[in-house]
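Proteins get letters first, then strands, A, B, ... in listed order; numbering begins at 1 in each.
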Amino acid sequence: MKLWRTPFDQAEKAIRPAKVLIDKERCKGCGYCVEFCPRGALVMSDELSSKGYTLAAVADESKCLGCGLCDILCPEFAIHVVSNDNES
Amino acid sequence: MTTPLTVGENTVDSLLRLDRMPHIWCQGCGIGPAVGCFTRAIESSGLDPDKIALVSGIGCAGRAAGYVKLDSFHTTHGRALPFATGLKLGNPELNLVIFSGDGDLVAIGGNHLIHSARRNMDMTVICINNFNYGMTGGQAGPTTPLDARSTTTPYGNFEYPFNVPYLVAASGATYVARWTVLHVRQLEWSIAEAMTKPGFSFIEVLAPCPTLYGRMNKEPKGLDTMHSYQERSVVRDGADPKDVAIDSDGPIVVGKFVDIERPTFWDQWKLLLDRAREKKK
């Protein structure tokens with residue numbers, strides 16, 4: 001997108017790359033995160049957990065905007081979204 | 001005990017008992033997001049977790065008391081509200097949250113629910129409504145919609161269900177709201193608002209029960225129920241609670257229905273004390 005001037009809040013509104021961490025011990029593969037991710041960054045993988053559930057996985061991390069919907073929608077408290085800024 | 005977390009410090013993890021994770025709730029159960037919203041509401045409302053007590057009854061939703069790192073109390077069936085009333089009167093500083101299911105609060109504890117609302121006890125009730133008795137095998141309850149199937153009504157339910165927000169509002173609750181677990185942000189705000197508001201606050205949370213209720217009603221996966229919520233729910237703040245009854249396939253009206261001010265039980269008690277002391281002089 002081309003901007004004719006620099007917005008005042010560009011620094012705080014800028015999209016920061018985020019990282020989605022999924023706890024494989026907790027995930028039960030309900031698919032809520034995959035279905036309701038607004039950017040389609042998650043996918044159901046073929047991998048099975050130790051209890052035999054199909055696990056959710058990150059398909060394309062570059063698509064993630066860090067909205068955190070998967071984090072708050074997860075019934076197993078298994079997803080955690082961290083922005084890369086905090087990590088470094 | 002599972003090894004806690006392959007991930008970093010989760011925001012809700014500080015209020016959860018990690019040694020008990022993963023929890024016993026089924027794949028796609030709606031109680032998990034509701035507990036997550038509750039823990040986030042504590043953070044966003046800025047209340048002191050040491051001053052919050054969680055009381056729950058029996059049932060799937062009643063298990064929440066065992067999973068949170070707060071002062072929590074797992075009480076007898078249907079009696080969460082009387083126990084909470086006692087706690088509140090013993091220590092009025094406590095902020096009480098009752099986290100229980102529809103079978104516990106509306107069925108066996110129905111009488112306690114209307115009388116706590118009538119007295120306007122200062123507490124927040126989060127009622128997880130999954131339309132059946134989940135833990136005992138999916139029997140029909142007083143919230144099962146008309147014509148919905150369950151293990152005890154295989155030809156469809158012929159009884160009219162309770163309209164829970166109407167019941168509670170008519171009994172005198174000062175805050176009544178309803179959300180589905182798909183409305184996570186609104187639910188979080190609503191819980192935070194209800195916890196900071198004095199008086200009897202009631203939030204009905206519609207949650208999928210894929211294993212029992214969903215399987216009998218052509219929604220075998222949690223996702224199917226979530227999609228039906230997405231299609232059917234209509235946000236209507238300030239709607240008359242009389243008009244928000246749930247059909248098995250009609251629209252689901254969600255939103256904040258009642259938000260009024262009324263003197264609480266403790267206010268009335270203090271007024272009485274003042275009056276009694278004045279007479280002695």
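The pair B:Asp48-B:Lys51 does not count as a salt bridge, with every side-chain nitrogen at least 4.0 angstrom from each carboxylate oxygen.
Comparing A:Pro75, A:Gly29, A:Cys74 by heavy-atom pairs within less than 4.5 Å of chain B, the highest count is held by A:Pro75. For the set B:Arg185, B:Lys221, B:His227, B:Gln27, the count of heavy-atom pairs under 4.5 angstrom toward chain A peaks at B:Gln27. Interface check for chain A: of the options B:Ile31, B:Leu182, B:Val181, B:Thr39, the most heavy-atom pairs under 4.5 Å are formed by B:Leu182.
Side-chain contact check for B:Thr225 and B:Glu219: at least one donor-acceptor pair (N or O, by modelled atom type) lies under 3.5 Å.
Side chain of A:Ser49 to backbone of A:Tyr53: a donor-acceptor contact under 3.5 angstrom is found.
Results of the ring-ring contact (aromatic ring centres under 6.0 Å, His included) test with B:Tyr67 over B:Phe99, B:Trp25, B:Phe38 single out B:Trp25 as the only residue that passes.
B:Glu188 does not touch chain A: none of its heavy atoms, backbone or side chain, sits under 4.5 Å away. Only the backbone of B:Cys26 comes within less than 4.5 Å of a heavy atom of chain A; no side-chain atom from C-beta onward does.
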Exercise. Quick one: do B:Tyr229 and B:Trp179 satisfy ring-ring contact (aromatic ring centres under 6.0 Å, His included)? Show the steps, please.
Key: CA-CA 10 Å; B:Tyr229 288 161; B:Trp179 296 106; over 10 Å; no
